[in-house]
Amino acid sequence: MTTGPLLDIRRLSTHYVSARGTRVTRAVDDVTLSLDQGQTLGIVGESGSGKTTLALTLLRMLPPAARVVSGEMLFEGTDLLKKPEHEMRRIRGKRIAMILQDPMMSLNPLFTVGDQVAEPIRVHEGAPRRSAWRRATELLKAVRIAAPERRVGEYPHQLSGGMRQRIVGAIAISCEPKILIADEPTTSLDLTIQAQYLKLLRDLQRSHNLALIFITHNLGIVAKMCDQVAVMYAGRLVEAGPVKQIYNSPAHPYTRALLESIPRLGDSRQRLTAIEGQPPDPSAPPPGCAFHPRCPKVLDRCRTEAPPEFRVADSQTSRCWLSAPVTAVRGA
Amino acid sequence: MSTAANSPRSVSTALALPSRLAFIRSEGFPLIPSLILLAIMVVAIFAPVLAPHNPEVGVLGDRFRPPAWQTNGTIDHLLGTDHLGRDVLSRLIFGARISVVVGLMVIIVAGAIGTALGIVSGYLGRWVDQVIMRVTDAWLAMPALMLAIFLAAIIGPGISNIIIILAAVWWTRYARVIRGEVLSVRERDFVRLAVVAGCSKWTIMRKHILPNVVNSAIVLATLQLGQVIIAEAGLSFLGVGVPPPQPAWGLMLADGKKGLMAGYWWLTVLPGGCIMLMVLSANLLGDWLRVKFDPQLRQL
Amino acid sequence: MKKFILKRLGLATISLFLLSLTIFLLIRISGDPAVLLAEPGASAADLAAIRTQFGLDRPLWVQYVSFITHLFRADFGQSFYYRTDVFELYLSRLPASLMLASAAMVFSLVIGIPTGIIAAVRVNKWQDSIGKLFALLGLSMPSFWVGLVMILFFSVYLGWLPSSGSGTVWHLVMPAIALGWVFAAAHMRLTRSSMLEVLGSEYVKLARLKGLPEALVISKHAFKNALIPVLTLAGVNLVIMVNVAVIVETVFAWPGVGRLLFEGIAFRDFPIVQASILLGGTMIVVVNLLVDILYAVIDPRIRYEG
């Protein structure tokens with residue numbers, strides 16, 4: 001019986017401060033999320049919504065200009081924000097792993113694929129060269145690379161984009177992490193490769209019982225890959241809950257607009273609906289609810305007061321005044 | 001390299017600046033280097049007034065006097081005299097004139113030629129580009145100093161010759177960089193609009209392309225100033241630059257070598273120090289300009 | 001790989017051709033070539049003789065062909081002063097210059113690379129500021145002045161080091177430092193910026209994400225990648241050093257090709273001057289070619305692109 005969620009993020013805020021201290025960008029603003037072992041969570045949002053900053057905060061890999069201003073990140077019960085750097089290093093790659101977007105840039109061109117896959121094994125588990133190399137070959141097999149014994153000695157530029165991304169995946173699971181964060185892993189892949197790769201990720205997630213955090217701007221992928229979804233806008237979490245529930249009845253106007261903007265075959269509407277306006281400047285968001293300038297259902301209140309999170313259904317939350325219950329409100 | 005005197009706060013309390021000079025208050029503006037350069041230019045302009053003695057004529061009985069604060073020095077020759085009895089301070093002052101004139105003329109001429117060719121090469125493209133670039137590459141393959149020495153050996157010494165030679169060697173650096181800039185400016189919308197509107201190629205190059213690359217040219221010029229001055233000093237030192245008895249700083253260093261083993265340090269340290277001061281200031285100013293105007297020039 | 005080498009070889013040949021053409025034209029344009037090619041103090045009759053001897057009245061392209069043919073046979077003429085074949089003269093002085101340049105290169109790399117790395121790793125902190133200051137000073141001080149000041153200090157005042165000539169390793173110290181100083185600054189700058197770029201790259205980010213200790217990230221992943229441009233530059237700079245050493249060699253009376261060039265200028269010995277620039281330029285082109293090939297050996301990506 002698990003004592004609590006594997007990952008419990010509570011009211012996390014990460015701000016970027018400009019060099020002179022004059023401008024503050026609220027990259028992540030009061031985000032609360034939780035994740036259990038074996039669950040898949042999709043984090044969705046436009047660029048600048050704070051999704052990547054959230055992932056970097058989790059791994060404490062923020063650039064010097066960023067500061068975690070408040071909140072907690074409980075991983076297996078202990079707050080990651082309070083851990084010293086050398087302990088975080090033991091967690092990175094070993095218990096929480098991350099896949100980046102561009103596989104060509106993620107792999108060091110001067111070292112062989114095998115070397116790079118075996119590296120975390122050798123560093124975290126102290127495994128000797130030969131056994132690490134063997135495990136690397138097995139990992140290549142697990143990510144469905146053909147002729148792994150040959151590939152393991154090759155250099156990154158000799159492999160195709162899809163293969164490179166699988167290598168990055170192999171690196172990520174090499175030490176059997178509990179959580180795998182994938183930051184837009186398919187964005188730089190060809191469409192035909194994307195489907196294969198996603199299937200691979202799904203299978204790996206199931207077979208290793210990974211908790212998967214999938215960061216993307218593509219709602220279609222989330223529908224295929226994830227059980228839970230969290231929608232971010234201007235650094236805030238605007239809606240969260242089970243995928244099916246939210247896709248069927250989105251509570252937040254932004255979520256609804258996102259869902260409606262996906263063109264579907266057989267759609268009787270003639271026009272493509274895009275969301276009006278532009279995402280806000282992260283360093284100067286509008287007052288009140290950040291979405292209000294673009295919201296089709298905006299109320300007066302939205303322009304001045306930022307809404308807190310409201311519980312809409314059993315496990316669905318929405319940060320919108322429209323979701324406020326007529327009577328009592330959950331703590332703001 | 002900012003000291004307290006460079007920080008914007010102390011400047012703004014000391015001066016109320018008109019808006020055109022407001023850039024002085026901007027972050028990191030190298031105030032001291034700019035003042036040094038300004039001072040050198042003032043000295044260069046007012047040399048005849050400032051110099052206490054004739055820089056080219058000396059009293060042989062007064063040779064190798066050390067600076068005033070050492071034994072055997074006199075107030076009359078504040079910084080001492082050289083091997084022909086000439087006053088070092090006066091020579092340094094007039095030497096500033098030479099450095100300023102040569103430096104500015106070279107970067108202006110080289111800059112003008114190089115920018116023009118860079119624009120033509122970048123904008124017209126095809127065979128014009130190929131020809132100009134091949135020549136530039138051949139020129140650039142040689143270290144500037146070598147080429148300058150070779151040309152000086154052929155053409156002979158003299159201030160105007162030096163200016164011509166150094167400009168001929170240095171224009172290639174401008175051409176390369178400006179051409180690169182032009183390649184990207186060329187694709188911008190306002191240029192395309194001008195083409196669609198039917199402007200002639202020359203008009204476009206003059207009215208649209210040129211103003212957009214002028215910034216880079218200026219940054220490059222400032223960065224090059226230091227190198228040009230060092231090159232001129234080197235050529236003068238070797239005897240193929242500014243001819244004696246003119247008091248070029250490089251020439252003073254060559255003369256100074258004569259007294260080096262005897263320990264007459266002021267004949268070496270002072271002229272070289274002036275060179276270093278001028279080059280350092282130019283480099284600092286150039287670095288600041290580069291960062292301010294165009295981060296893309298960082299590879300220079 | 002072979003295709004790559006052939007292509008580079010072709011480009012090098014074109015460069016050499018252009019170099020010779022440029023020098024050839026410059027001589028012809030500058031006035032009366034006969035004056036240069038004749039010894040100083042030649043009479044009008046001598047000049048006329050020179051003109052026929054070198055065929056200066058023939059069409060330009062004929063002269064150029066003759067010029068090139070001589071170059072191919074390594075015939076650079078006779079030195080007026082030394083009365084020997086210039087090519088042999090140059091070759092005899094080359095080893096001394098190479099030794100000086102190598103020592104200067106070692107100095108510049110030993111100082112430049114570690115300073116650059118430290119400045120990059122501690123970017124914007126005090127170590128970086130000192131590093132940048134050092135680089136700035138290095139680029140602002142003329143190398144020969146550094147040499148002269150060193151002589152003043154170490155020879156005249158302290159009497160530790162010899163001020164001129166060659167022969168012992170002590171003679172090498174000051175010229176090497178004077179020559180290498182500017183390059184140390186340049187190498188430091190390049191190492192710093194290259195290292196910064198590498199440290200910001202995705203694969204370094206991934207290395208950190210893997211939880212590797214920072215020392216390993218820097219020494220294994222960052223270092224090797226960052227060095228590539230620096231070593232490339234260093235290879236080319238070695239030959240450039242040989243060429244620009246003319247002033248330092250003159251200051252220290254070091255018997256290399258730089259000092260030979262100075263003698264050529266001082267004695268108006270034109271064959272020496274011409275040979276210096278042609279041979280110097282050729283060395284640069286050849287070394288560029290070799291460095292390109294070496295680059296391909298180090299960086300596996302280049303081999304396959306060709």
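Keep in mind it's a predicted model, so treat the numbers as computed, not measured. Side chains included, hydrogens not; waters and symmetry mates left out as well; all remaining heavy atoms used. Within every chain, numbering begins at 1; the chains are lettered A, B, ... in the order of the sequence lines, protein sequences first and strands thereafter.
Annotation: maximal heavy-atom pairing with chain B below 4.5 Å, among C:Val236, C:Val149, C:Ile23, occurs at C:Ile23. For the options B:Ile275, B:Leu277, B:Thr268, heavy-atom pairs under 4.5 Å to chain C are most numerous at B:Thr268. Among the candidates C:Leu21, C:Val285, C:Val251, the residue making the largest number of heavy-atom pairs closer than 4.5 Å to chain B is C:Val251. Among the candidates C:Leu190, C:Ile14, C:Asn243, C:Val239, the residue making the largest number of heavy-atom pairs closer than 4.5 Å to chain B is C:Asn243. Of all the listed residues (B:Ala168, B:Gly234, B:Ala231), the one sharing the greatest number of non-hydrogen pairs under 4.5 Å with chain C is B:Gly234. In terms of heavy-atom pairs under 4.5 Å with chain B, the best-connected choice from C:Leu137, C:Asn288, C:Ile265 is C:Ile265. Interface remark: of the candidates C:Leu18, C:Leu152, C:Thr22, C:Leu152 forms the most heavy-atom pairs closer than 4.5 Å to chain B.
Looking at B:Leu151, the atoms closer than 4.5 Å to chain C (heavy atoms on both sides) all sit in the side chain, from C-beta outward. Using a 4.5 Å cut-off between heavy atoms, C:Phe17 does not touch chain B at all. Residue contact with chain B, scored on non-hydrogen atoms closer than 4.5 Å, involves the side chain of C:Leu261 exclusively. Looking at C:Val146, neither its backbone nor its side chain comes within 4.5 Å of chain B, counting heavy atoms on both sides. Heavy atoms closer than 4.5 Å to chain B are found in both the backbone and the side chain of C:Leu148. Within the 4.5 angstrom heavy-atom criterion, atoms from both the backbone and the side chain of C:Ile277 approach chain B. Contact annotation for B:Val269: both backbone and side-chain heavy atoms come within less than 4.5 Å of a heavy atom of chain C. For a residue to count as touching a neighbouring chain, one of its non-hydrogen atoms must lie under 4.5 Å from one of that chain's; by this rule B:Leu238 touches chain C with backbone and side chain alike. Of the two parts of C:Ser129, neither the backbone nor the side chain holds a non-hydrogen atom closer than 4.5 Å to a non-hydrogen atom of chain B.
When all heavy atoms of B:Gly103 and B:Val228 are compared, the closest pair comes out as CA-CG1, 4.3 Å. Counting all heavy atoms, side chain and backbone alike, C:Thr250 lies closest to B:Lys257 at O-NZ, 4.4 Å. Contact record, B:Leu253 with B:Gly272: CD2-N, 3.9 Å, taken as the closest heavy-atom pair.
At least one side-chain heavy atom of B:Arg176 sits under 4.5 Å from a side-chain heavy atom of B:Met133. Taking the side chain as every heavy atom from C-beta outward, C:Glu249 and C:Arg93 never approach each other to under 4.5 Å. Between C:Met105 and C:His187, the closest side-chain pair of non-hydrogen atoms falls below 4.5 Å. Residues C:Ile272 and C:Glu263 are not in side-chain contact: their nearest non-hydrogen atoms beyond the backbone lie 4.5 Å or more apart.
With 3.5 Å as the limit, one finds a donor-acceptor pair spanning the side chains of B:Ser236 and B:Glu232.
Counting only distance, with no hydrogens or angles, the side chain of C:Ser140 and the backbone of B:Met276 share no donor-acceptor pair below 3.5 Å.
Heavy-atom contacts from other residues, nucleotides or ligands closer than 6.0 Å to CH2 of B:Trp127 number 12 or fewer.
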